[in-house]
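Beneath this line is the structure, given in structure tokens, with notes to follow.
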Amino acid sequence: MAPSLEAVLHMADQLPPLDQARLIEHLSRRLALAARTASPTTQPGTAAWARFFAVSDDIRATHPDANSAARLEADRRERDTMLGGQHGADDVHP
């Protein structure tokens, strides 16, 4: 019986950073190989990704000065101001 994803993630969390990087490299190579060898009919998301990137390109062309990272950061600052500077226990961006 194969180990569960949760068990594998738990074990990966216990690896030193260098071994975690090696694990990422190993999985990346396997995924890249799987993507190259899979036929287009077995990749139903391919068309969806193409549409996603087309929309992204259109947004960039329509709004060339837009900076989504800066907008996100500004939204976070505004939220923090509205909350009175209080951060919740689950806030990962204090």
Would you call Arg29 and Leu33 a side-chain contact if the rule is heavy atoms closer than 4.5 Å? no
Thr62 vs Asp58 side-chain heavy atoms within contact, under 4.5 Å: yes
Could you give me the CA-CA distance, side-chain angles and deciding distance for His10 and Gln14, then say whether side-chain hydrogen bond (donor to acceptor under 3.5 Å, both in side chains) is met? CA-CA 7 Å; His10 177 72; Gln14 295 176 19; 2.5 Å; yes
Can a salt bridge be assigned to the pair Arg76 and Asp80 using a cut-off of 4.0 Å between side-chain N and carboxylate O? no
If you measure from CG on Leu15 to CD1 on Ile24, what distance do you get to the nearest 0.5 Å? 10.0 Å
Salt bridge (charged side-chain N to carboxylate O under 4.0 Å, His left out), that's the test. Do Asp75 and Arg71 meet it? Break it down for me. CA-CA 6 Å; Asp75 290 346; Arg71 179 72 251 162; 2.5 Å; yes
